[in-house]
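Given the structure is predicted, the values throughout are model-derived calculations rather than measurements. Numbers for residues simply follow the sequence, beginning at 1.
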Amino acid sequence: MLSNACKYAIRAILYLAIHSDDAHKIRVKKIAEELETPQAFLAQLLRQLTANKLVSSTKGPGGGFYLDARNREKSVWDVISCIDGTHKFDACFLGLSQCNDINPCPAHYLVAPFKKKILNDFRDKTISKLAKEMEKKGTIISLKDFSLK
């Protein structure tokens, strides 16, 4: 449902939420290494997120990317809207051009409640809340340090 770009952006923001603040900025190289993502592509995504005020950055020595208090209160939906747009959530599950409650496709009533729940969760969940939940539950955003034997 989400593009790779959007997945990378969400993971990068969550990494920043856990590891950065106004005093501790992280360079794109470090984020890319930790998340095992292509550095140049991640840099482009972080610039886009910064331009849309979802991530903060400073240049020069000691510079890098970080999340300030306002960034942390943005939602996962804000990230999705910035990178992928919202059209995927409006689209018919079966690809019909006209699908809604009045003209439903065969899967409409099966899929609509799940789409609505996911959409509401993405809109209601701030980056700060999601990062806290990750730390509490021990969820991961990278398999870098795991042995998958």
(request) Taking atom types as modelled, find out whether Asn103 and His108 have a side-chain donor-acceptor pair closer than 3.5 angstrom. (result) no

(message) To check you understand the geometry: which heavy-atom pair defines the closest contact between Thr86 and Trp77, and what is its length?
(response) CG2-CZ2, 3.1 Å

(message) Grouping I, L, V, M, F, W and Y whenever their side-chain heavy atoms are under 4.5 Å apart, do Phe93 and Ile118 come out in a common cluster?
(response) no

(request) Measure the spacing between CG of Leu46 and CD1 of Ile31 and express it to the nearest 0.5 Å. (result) 5.0 Å

(request) Rounded to the nearest 0.5 Å, what's the gap from OG on Ser56 to CG on Asp22? Could you check? (result) 7.5 Å

(request) Determine whether more than 12 heavy atoms belonging to other residues, nucleotides or ligands lie under 6.0 Å from atom NZ of Lys30. (result) no

(message) For the NZ atom of Lys74 and the CD1 atom of Ile127, what is their distance to the nearest 0.5 Å?
(response) 10.5 Å

(request) Please check if any side-chain donor atom of Ser81 sits under 3.5 Å from a side-chain acceptor atom of Asp78, or the reverse. (result) no

(request) For residues Tyr15 and Glu34, determine if any side-chain heavy atom of one lies less than 4.5 Å from a side-chain heavy atom of the other. (result) yes

(request) Calculate, to the nearest 0.5 Å, the distance between atoms NZ and CD1 belonging to Lys132 and Ile18 respectively. (result) 12.0 Å

(message) Check for me, please, whether Tyr66 and Ile13 land in the same ILVMFWY cluster - side-chain distances under 4.5 Å, paths through other members count.
(response) no

(message) Donor-acceptor check, side chain of Glu73 to backbone of Thr126, threshold 3.5 angstrom: yes or no?
(response) no

(message) Would you say that Asp101 contacts Tyr109 through its side chain, given a criterion of any heavy-atom pair below 4.5 Å between the two side chains?
(response) yes

(message) Looking at every heavy atom in both Ile83 and Ala9, which two are closest together, and how far apart are they?
(response) CG1-CB, 3.8 Å

(request) Mind listing the closest non-hydrogen atom pair of Leu96 and Cys105 along with its distance? (result) CD1-CB, 3.4 Å

(request) Would you confirm whether Lys136, through its side chain, and Ala131, through its main-chain N or O, come within 3.5 Å as a donor-acceptor pair? (result) no

(request) Report yes if the side chains of Asp21 and Arg72 come closer than 4.5 Å at any heavy-atom pair, otherwise no. (result) yes

(request) Could you walk me through whether Lys125 and Ser75 pass the side-chain contact (heavy atoms from CB on, under 4.5 Å) test, one step at a time? (result) CA-CA 5 Å; Lys125 187 76 64 177; Ser75 70; over 6 Å; no

(request) State, to 0.1 Å, how close Cys6 and Asp84 come at their nearest heavy-atom pair, and which atoms those are. (result) CB-OD2, 3.2 Å

(message) For a 4.5 angstrom cut-off between non-hydrogen side-chain atoms, does Leu54 reach Asn71?
(response) no

(message) Could you tell me if the side chain of Phe65 sits less than 4.5 Å from the side chain of Ile26, heavy atoms only?
(response) no

(request) Measure the CG-CG distance between Leu45 and Leu49 for me, rounded to the nearest 0.5 Å. (result) 6.5 Å

(request) Would you mind reporting whether Lys116 and Leu119 have side-chain heavy atoms less than 4.5 Å apart? (result) no

(request) Kindly indicate whether the side chain of Tyr8, heavy atoms from C-beta on, has any atom under 4.5 Å from the side chain of Pro38. (result) yes

(request) For residues Phe89 and Ile80, report the shortest heavy-atom separation together with the two atoms involved. (result) CE1-CG2, 3.8 Å

(request) Any chance you could measure Ser57, atom OG, to Arg47, atom CZ, to the nearest 0.5 Å? (result) 10.0 Å

(message) On a heavy-atom basis, which atom in Leu35 and which in Arg11 lie closest, and how many Å separate them?
(response) O-NH2, 2.6 Å

(request) Look at Asp121 together with Lys117 and state whether they make a salt bridge at an N to O cut-off of under 4.0 Å. (result) yes

